[in-house]
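Down below is the structure, laid out as structure tokens.
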Amino acid sequence: MIKTDRVVSTTCPYCGVGCNLQLHVKDDYIFKVTSPFDSVVNQGNLCVKGRFGYDYIYHPKRVTTPLIRKTLQKAGERTQAFDRDEWRDVTWDEALDMIADRMVEIYQRDGSKAMSVYCCAKATNEENYLMQKMYRTLFRTNNVDHCTRLCHAGSVVALQQALGSSAMSNTSSEVIHNDVFMVVGSNTSDNHPIIALQMKAAIKKYGAKMIVIDPRRIEMVDFAEMWLPLKPGTNVPLLSAMAHVIVKEELGDLEFVKNRTEGYDDYVESLEKFTPEYAEEISGVPADDIRKAARLYAKAENAAIYWGMGISQLSHGTASALALIHLAFLTGHIGREGTGLNPLRGQNNVQGASDMGAMPFHYPGYMLVTDEKNAQKWETAWNIEPGGLNRELGLTTTEILSHAHPGGIRSLFIMGENPMMSEPNLNETRKHMQQLEFIVSQDLFINESAAFADVFLPAAPFAEKDGTFTNTDRRVQRVRQAHAPRGDSRADWEIISDLAQRIESRLGRATAKWDYSNPEEIYAEMASVVPDFAGITYERIKDVGLQYPVWDKDHPGTPFLFAESFPRGRGKFTLLDYIPSVEPVDDEYPFILTTGRLLEHWHGGTMTRHSKLNELYPEARVDIHPADAEIHGISNGMAVRLSSRRGEIVLRATVTEKTTVGLVFLPWHFHEAAANLLTIDALDPQAKIPEFKVCAVQVFPARDEDLPNPDIVVERGRY
Ligand code: SF4
């Protein structure tokens, strides 16, 4: 048995559940991960990623030295460099000075509108706070965003519009207090496995009833009272029909509606056309099942809604989330323990990155950048001259790339994200990346996006730094260093502090603070301005995290929100219409493609595909229903060619009843069969989130020799 040098308590770097981890360290290597049985979030349970997915930290391909491209890259002619011999090792001074020189040159030539940054939902709160501070104070731009745009932007906009707050209203473990709960567009057992465990316990031990609304027969269906297998993209008519039933059968809580909401009468009028029969025609779900589900949810004492990206990743993602929110308003299933509106956040710190202002519309604490009072508040906090901060909304991630042309965005700093895997319509994304004048990547590996960069900065992963993450139910938790960063790599917050000082001196501005000695100082600066975090200190969260808002040093935190009112006052009903998805199926492209995640992998695969997790699920597979497979002559394991109007990939098929007739499912972790080569770049008009969940594709048998060359698979990213 290995004798442990030390055990370090920290937080999982993968999904938004935020499980508590204990890293067992020997000779500066983590050799085992456990979790304490009394851990508040996960009661000692961990999924396969949290328990085994840490060895990417020691992967031989991890880059631990700053790098600069040997060949100067020009806008329009930019190429990808995956091989280390296309880069030269440099010192931190050389790398950071080059970045400061080039970015200041571009800024002084083209102004704020040329500058942009992708913050990172995997980095800590402190690092995201610092990165947006650097871009807002030094380059005076709000072109600051991160991958929240690609996962729950529709939910965020809808919740802000209807309630004035966009986080989960309740704590996920409260599911055991639900009599009924709905799981909508969330493959919970793959994407939030520990919350799925809690849901199963709520059903088996406490008698709760679950309604699953999902186009696929996901594992949660096995535990459900009802499954409504809707056609992808038909949430609005289905959910509005449930509202129609609740109103017509007088199942709602009219007291709640009267006291806590506005816009009810007009909303009810707009529901007239959303009969269950109308919804059946569009969604394919039988009208009687819609009625039954509406009654089950509305009549429950305590009912809650949990949802995932099946709601938000649509060109009408905001409307889909609003349709869910309306159900809670109608029934009063909000503002109490065991109720609520709960968008399950994807990445470990996507909630925190959003809270820290890593978005084009908000400063930290969701303070709108267009509001004069907010700008003045941050000018004071950051010691910026009055009127110095930019009052205009910035560009979102997808807009940043589509504005990559002369006169638009010229410089992009990518902290830990991978747009060349995560953006829709990757062939178009590639063209945009090529147009940029200067790119910096701060990451662990030369992934598909880093390969486009001019400078690569080696960052430290979660186990090599201190800070905080905020999980899906608003709990701010400690991240702790288990051992020193490998090689010359540094924590993101240290890199940003160093770079900001170099940029500041070149600009002749010496205003905001950058010389932090630890992340705790950064957190304290942010919490001194944002009231939600005023009562959170590192000392208070040393053992157990606190759920914000935490108004002062004596406040115990807030497990559920909206007991008395909503942040905007009354909850607002919005009139909705059914808008079909942008690309319908037709004779040429007869299948709907929907995309999502797998239990064994994470997002663009930068971490999990450099981990032993990759051995558990080493290759991309497309799920196809047996009836469709038979018609098209496809057998289990056969190579198939999957094409959309934007691109094509070849991979093996899994013939399974997990998917439904006419629907194929593709995970998006695999660069050699990148799902986003096929997806459409249609955006929700308000949230600007792409329609990752619906596009039209064709599927044909292919030959084994058409499959990606295994050497290319190993060499990542050369699709
Ligand atoms: Fe980590 Fe999420 Fe798994 Fe928990 S459920 S161990 S947070 S990946």
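All values reported here derive from a predicted model rather than from experimental measurement. Numbering of ligands and ligand atoms starts at 1, following listing order.
A cation-pi arrangement is found for R486 relative to Y29, the charged atom lying closer than 6.0 Å to the ring centre and inside a 45° cone about the ring normal.
Distances from atom 4 (Fe) of ligand 1 under 2.8 Å pick out these protein N/O/S atoms: C19 SG.
In summary, of the residues considered (E619, E600, E448, E672), a salt bridge (Lys or Arg N to Asp or Glu O under 4.0 Å) with R609 occurs for E672 alone.
Listed by first and then second residue, the salt bridge (charged side-chain N to carboxylate O under 4.0 Å, His left out) pairs that reach into residues 333-353 come to none, sequence neighbours excluded.
Across all their heavy atoms, Q481 and P485 have their closest contact at NE2-CD, 3.6 Å.
When the side chain to side chain contact (heavy atoms under 4.5 Å, CB included) test is applied to A358, the partners found at least two apart in sequence or on another chain are C119, N128, H146, A353. Applying the ring pair (Phe, Tyr, Trp, His ring centres under 6.0 Å) rule to Y54 yields no partners; only residues at least two apart in sequence or on another chain are considered.
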